[in-house]
Enquirer: 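Please find one structure pasted underneath; my questions will follow.
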Amino acid sequence: MSTRARRSSFPKVVIERDTDTDESSDEEEEVENDVVESDDEEEEVEIEDQKVEDDVVEDKKGKTPITISLKKVCKVCKRTGHQAGFQGATYIDCPMKPCFLCKLPGHTTVNCPHRVAMEFGVIPASRKRTHNSLDYVFERQLRRGVPSIKPAFVIPDEVNCAVIRYHSRRVTCLEFHPTNNNVLLSGDKKGQLGVWDFGKVYEKTVYGNIHTCLLNNMKFGPANDGTVYTVSSDGTVNCTDLETGLSTSLMDLNPNGWQGRNSWRMLYGMEFNAEKGLVLVADSFGYLHMVDARANSKTGDSVLIHKKGTKVVGLHCNPLQPDLLLSCGNDHFARMWDIRHLEAESCLHALPHKRVVNSAYFSPSSGSKIVTTSIDNRIRVWDSIFGNLDTPSREIVHSHDFNRHLTPFRAEWDPKDPSESLVVIGRYISENYNGAALHPIDFIDISTGQLVAEVMDPNITTISPVNKLHTRDDVLATGSSRSLFIWRPKEKSEAVQEKDKSKIMVCNTKNSKKFGNESDNDDDDDSGDDFSSKKGKGLKKKKANIVITTSKSSKKKKP
DNA sequence: AATCGATGGACCC
DNA sequence: TGGGTCCCCTCGAT
């Protein structure tokens, strides 16, 4: 049967429109012998009437017309009467779903109490009931180190320099160089490793031959700051020389290559135990592996540290007692271990969460607190000294939902904060800032649950899930999509810029029309044009050291 | 400016 | 325990 013959056996199709549609109703009310596509954006067609059977050979007039409803349908719940999505730079939630921020039903993010004050409804810190003598000693030691007046937080709130579209895929992790203050390393979804000297802005390299897919984590070894250890979803642990880009493989969990997705092992969590010279790595099946950094080989047996078959995404050693290991993963737990007595089921503490745990970190100086980020949109604080590890001492509602296309969000400590209370994390949901939908980076005081600062830049329209604070300087590094940003506190930033004005560099790319050409004319202020703001326009101009690259030109492979 | 696709986890049975 | 299905603020390419 030809298409034409078949079509002619179709009954009349009636289009039923929403009342608020602008179109005059008469022109499209009835359409003969054809199914009409909706020409209105965001409309979905649903056939309301009876189904049509293909093989009915029919006489022309006897059929009831098919009614196609073009009523506007919510893209979230598929019901009519409301619509979810962006209206300009403001996102309108679907009222039928639980709040996208706190996950409770009955309201949306617009009037969620946590949107206004994040500390609303946080669980107050529970006091420890049981005390042994060791606790008192530890507490006395710690109390002395805790300053009585909390120093003011210094917030790097202004973009100082950036490399736009530096990586060819989204950024997955960041690490500052341990001794060279101005060097930032970045890993991406493709497995490439970026080395960027943001002090010189244009000094950048991307090594593309280290891993074949997601570079999930990296760490510097304490012995040599010229080499970095990386783990990847390709199942290998590599050690790379930053000067040459030459890398050696320390471990390969898939020596026989691809045998199907059920057997392919991926590496996510990694940590360096300096005392023992061990690289600790964790895979996607729940196992921990150890690599001797001196012998460059695997050591000991693999230990099941999380539910079998689930990803272990994070590992962290206690800063004061490096034998104390913290792990977290997809089995909804963060777990504490003593690596001297490591075997399955030997976990010292299991910290329960409602959903997957993206990260778990000991506090940077005393190691007595733990901050975890879980995809139930809560940051949890656990206190091993002043509270129990059975329940979190605080839960902070914060938007950092899971999205398969985003690198998982992780709350990261400020290593310079002596009070161990400042944490940085990117925000998923956007706010309408002067007509632009921006996703800020939040600084949270975990001792109060309060939002200390939200930093954003009209040029960064993408979500910034990867953030790292510098160990010595007041510098924040952000990985947002494929770009990197360096933030400094406002005053400082200006001073640096005056000095470094000549270092502003804009490369010619497909987008070059937007940026103009490179100019060494000082008063030609082309340095801060917006890059590609989709949801925002009319933004104020800013000054920054910015390098625009394309993915092709950024690849610099060395054998 | 619309559309597409890559692709992780939850939840269902 | 495993396969199928669904999915809410992505992002960049066409």
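Values in this document were obtained by computation on a predicted structure and should not be read as measured data. In the text below, chain A, chain B and the rest are named by the order of the sequence lines, each starting its count at 1.
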Enquirer: In chain order, what residues pass the ring pair (Phe, Tyr, Trp, His ring centres under 6.0 Å) check against Trp487(A), with sequence neighbours excluded?
Expert: none

Enquirer: In whole Å, what is the span from the NZ atom of Lys97(A) to the P atom of dC9(C)?
Expert: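 Value for this atom pair: 11 Å.
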
Enquirer: Using the side-chain heavy atoms of Ile375(A), tell me which of these nucleotides is nearest: dC8(C), dA10(B), dG8(B).
Expert: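 That would be dA10(B).
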
Enquirer: I want to check something: taking the side chain as every heavy atom from C-beta on, are Pro465(A) and Tyr428(A) in contact at a cut-off of under 4.5 Å?
Expert: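 Sidechains of Tyr428(A) and Pro465(A): no contact.
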
Enquirer: Report which part of the nucleic acid Tyr428(A) touches: base, sugar-phosphate, or nothing (heavy-atom distance under 4.0 Å, all strands).
Expert: sugar-phosphate

Enquirer: Taking all non-hydrogen atoms of both residues, which atom of Ser233(A) and which atom of Asn216(A) are closest, and how far apart?
Expert: OG-ND2, 3.0 Å

Enquirer: Send over the distance from Lys354(A) NZ to dG9(B) C1', rounded to a whole Å.
Expert: 18 Å

Enquirer: Of all the choices, dC11(C), dC9(C), dG9(B), which nucleotide is nearest to the side chain of Asn330(A) once you look at every atom?
Expert: dG9(B)

Enquirer: If you pin Asn262(A) and Cys99(A) to their nearest nucleotides in DNA chain C, which one's is more 5'?
Expert: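 Closest to the 5' end, via its nearest nucleotide, is Asn262(A).
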
Enquirer: Quickly, which of Lys308(A), Lys311(A), His306(A), His353(A) forms a side chain to side chain donor-acceptor pair (under 3.5 Å) with Asp331(A)? Name it, please.
Expert: His306(A)

Enquirer: Could you work out which one of dA10(B), dG12(C), dC8(C) sits closest to the side chain of Arg482(A)?
Expert: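 Per side-chain heavy atoms of Arg482(A), the pick is dG12(C).
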
Enquirer: Determine the interplanar angle of the Phe409(A) and His400(A) rings, folded into 0 to 90°, and report it as parallel if under 30°, tilted if 30 to 60°, perpendicular if over 60°.
Expert: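 Phe409(A) vs His400(A) ring planes: tilted.
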
Enquirer: For Met96(A) and dC7(C), give me the distance from atom CE to atom C1', rounded to whole Å.
Expert: 18 Å

Enquirer: Going by number, which of residues 403-411 of chain A have a non-hydrogen atom under 4.0 Å from DNA chain C?
Expert: Asn403(A), Arg404(A), His405(A), Leu406(A)

Enquirer: Taking dC8(C) as the reference, what is the distance to dC12(B) when you measure between their P atoms (whole Å, please)?
Expert: 15 Å

Enquirer: Got a salt bridge between Arg355(A) and Asp401(A), using NZ or NE/NH1/NH2 to carboxylate O under 4.0 Å?
Expert: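 No.
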
Enquirer: Students often mix this up, so state it plainly: with edges at 30° and 60°, are the rings of Phe86(A) and Tyr91(A) parallel, tilted or perpendicular?
Expert: perpendicular

Enquirer: For Lys189(A), answer base if it contacts any base atom (sugar-phosphate contacts may also be present), sugar-phosphate if it contacts only those atoms, and nothing otherwise; contact means non-hydrogen atoms under 4.0 Å.
Expert: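 Sugar-phosphate, backbone atoms only, no base.
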
Enquirer: Lys311(A) has a side chain; which of dC9(C), dG8(B), dT7(B) sits nearest to it?
Expert: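 Shortest atom-to-atom distance from the side chain points to dG8(B).
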
Enquirer: Check whether the side chain of Ser430(A) and the base of dC9(C) form a donor-acceptor pair under 3.5 Å.
Expert: yes

Enquirer: Whole-Å distance between dC8(C) P and Phe86(A) CZ?
Expert: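 My rounded result for the distance is 15 Å.
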
Enquirer: Closest approach to the side chain of Asp93(A), judged atom by atom: which nucleotide of dC11(C), dC9(C), dG8(B) is it?
Expert: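 Taking heavy atoms from C-beta onward, the closest nucleotide is dC9(C).
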
Enquirer: Is it the case that the side chains of Arg265(A) and Ser284(A) hold a donor-acceptor pair, with the cut-off being a distance below 3.5 Å and no angle test?
Expert: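 The criterion, which ignores hydrogens and geometry beyond distance, is not satisfied for Arg265(A) and Ser284(A).
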
Enquirer: Has Ser481(A) got a side-chain N or O lying under 4.0 Å from the OP1 or OP2 atom of dT10(C)?
Expert: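 The answer is no; no side-chain N or O of Ser481(A) sits under 4.0 Å from OP1 or OP2.
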
Enquirer: What are the two closest non-hydrogen atoms of Asn254(A) and Ser263(A), and how far apart are they?
Expert: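 Heavy atoms only, the tightest pair is OD1-O, 3.8 Å.
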
Enquirer: Return the polar atom pairs (N/O with N/O) between nucleotides 11-13 of chain B and the protein under 3.5 Å, or none.
Expert:
none

